[in-house]
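No hydrogens, no waters, no symmetry mates; every other heavy atom, side chains included, goes into these values.
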Amino acid sequence: MRIGYPCINRSIGCKSSKTFRLNSYSETRLREIVNNNLKCLMKILKYNKKNHMLFFRITSDLVPFASHPVCEFDWQGYFSNEFGSIGDYVRENDMRISMHPDQFNVLNSKRKDVVENSVRELIYHAEVLDTMGLDRTHKIQIHVGGMYRDKKGSMARFQKRYKSLDIRIKKRLVIENDHGMYNTSDCLDISAKTGIPVLFDFFHESLNPSGMSLKKSLKLIEGTWKRVDGIPMVDYSHHHSNPASKKHAETIKIRDFHKFLVYTRPYDMDIMLEIKDKEKSAIRAVELARKDSRFLIVHR
DNA sequence: GGCAGTCAAGTACGC
DNA sequence: GCGTACTTGACTGCC
């Protein structure tokens, strides 16, 4: 079990998701920004290691506009040393990385241009992890997509598109239950037909229940992760202080998290805390999880 | 220097 | 049909 948080660290004073506007695009600008982002990413990982947080979601903005036609820059070649060092550091410290393309990524869209853009964006995400030299336990998570008033048809379209994807994407792609359309059971159905692992989002399950118990969900989900995929990844959050909101919580409720750890025994998993105050909550979660026999400590 | 408008991209839903 | 929520700040032009 590793504990992590997504994309942004508010304690160390730099951002690995610095970007710029498309109309001010230039190769020089891109080089400057990517250089900044990679340096900051390394700082974040070192901070994380010090605090026993071995799971981290890398921002999709690491290389701005990488999947946009405007970008013809060979960022993999130019920054191969920096990407390599980050990958080495991740491996040496037994860390795990995930990435989560944002809502514009809709593989089952009915629009051809949307699908093409999504595939390009997925290739970019896969290339980030490949350039770091990371194996296929480091994943890219997406949602199934839209419903288009025909859930079955839309699920079938996802499956068809998934099967035709480039192997670089396929070996890393996992699907996550969302908060309103495709729940855990739907994702398991798709997994049964495609072999794609299912990433369980505990908060989304509460908003869009599958009807299964937590234990049953975890048992079925564990079965979708093959040995080469690593142990399951789980997203954890709970309700915002305004219960009507579907937003993530501002800070972790440590008692609830403790219950979650107890209920999920003996299933092993890496837990991504999708909580607004990021590393602050993650540090508190680590304090608690360290007492759990599943928790992974690296002594180096 | 500070402010407000805007930013590559999708979909669903409430009014 | 339009604005807003997902999220999410921070870039940029204008004063």
Side-chain angles (χ1 to χ4, degrees), chain A residues 5-26 28-30 32-34 36-37 40 44 57-73 75 98-125 140-151 153-155 157-158 161 175-183 186 201-208 235 237-251 272-281:
Chain A
Y5 60 97
C7 307
I8 295 168
N9 178 302
R10 300 190 198 280
S11 303
I12 63 175
C14 73
K15 287 233 162 78
S16 61
S17 53
K18 212 167 145 62
T19 184
F20 53 91
R21 299 281 170 90
L22 180 57
N23 62 13
S24 56
Y25 180 92
S26 74
T28 316
R29 189 76 193 273
L30 183 67
E32 276 168 24
I33 296 284
V34 175
N36 167 86
N37 289 352
C40 181
I44 294 176
R57 183 181 300 160
I58 291 181
T59 170
S60 296
D61 281 333
L62 194 68
V63 184
F65 304 108
S67 72
H68 192 282
V70 75
C71 176
E72 290 175 343
F73 179 56
W75 51 270
S98 69
M99 295 187 84
H100 193 348
D102 59 29
Q103 70 262 37
F104 309 109
N105 211 286
V106 188
L107 261 191
N108 75 349
S109 175
K110 291 187 152 181
R111 283 173 47 190
K112 195 169 165 237
D113 59 324
V114 172
V115 179
E116 285 168 1
N117 290 346
S118 299
V119 171
R120 269 214 306 276
E121 182 74 351
L122 289 174
I123 286 280
Y124 151 64
H125 282 75
I140 301 165
Q141 64 191 88
I142 57 168
H143 297 291
V144 178
M147 292 241 278
Y148 313 95
R149 297 184 182 177
D150 172 19
K151 193 171 185 179
S154 299
M155 283 166 73
R157 209 161 47 248
F158 179 92
R161 300 254 165 83
I175 44 171
E176 174 192 349
N177 55 308
D178 64 62
H179 62 78
M181 295 179 278
Y182 298 98
N183 66 22
D186 301 323
D201 187 308
F202 178 69
F203 180 49
H204 291 162
E205 172 72 16
S206 74
L207 296 169
N208 183 17
D235 281 355
S237 184
H238 39 69
H239 281 274
H240 192 262
S241 53
N242 168 14
S245 166
K246 285 175 182 166
K247 286 182 183 172
H248 293 137
E250 298 101 322
T251 190
M272 181 63 61
L273 297 172
E274 293 190 316
I275 309 235
K276 288 268 175 257
D277 64 1
K278 307 285 176 182
E279 78 282 358
K280 238 167 115 183
S281 281

Could you check whether A:S109 gets within reach of a base, just the sugar-phosphate, or nothing at all, counting any heavy atom under 4.0 Å?
sugar-phosphate
P-based separation of B:dC7 from C:dT4 [nearest Å]:
16 Å
Results of side-chain hydrogen bond (donor to acceptor under 3.5 Å, both in side chains) for A:R29 - residues two or more places apart only:
none
Nearest whole angstrom, please: distance from the C1' of C:dG9 to the CD of A:Q103.
14 Å
Salt-bridge contact A:K110-A:D150 (side-chain N to carboxylate O under 4.0 Å):
no
Would you mind telling me which residue lines up with the more 5' stretch of DNA chain B, A:R21 or A:F104, judged by nearest nucleotide?
A:R21
Between A:L22 and A:E274, which is nearer to the 5' end of DNA chain C once each is assigned its nearest nucleotide?
A:E274
Donor-acceptor contacts, no H, no angles, side chain residues 8-16 of chain A, under 3.5 Å, sequence neighbours left out:
residue, atom, partner, partner atom, Å
A:N9, OD1, A:S11, N, 2.7
A:N9, OD1, A:I12, N, 3.1
A:N9, ND2, A:Y5, OH, 3.0
A:R10, NH2, A:K276, O, 3.3
A:S11, OG, A:E279, OE2, 2.4

Mark yes or no for whether A:S118, through its side chain, and A:V106, through its backbone, hold a donor-acceptor pair below 3.5 Å.
yes
Since syn is defined as within 90° of 0, does C:dT8 count as syn or as anti?
syn
Between B:dA8 and C:dT12, how many Å separate the two P atoms, rounded to a whole number?
9 Å
A:C7 vs A:K18, nearer the 5' end of DNA chain C by closest nucleotide:
A:C7
For DNA chain B, what residues of residues 62-71 of chain A have any heavy atom nearer than 4.0 Å?
A:F65, A:S67, A:H68
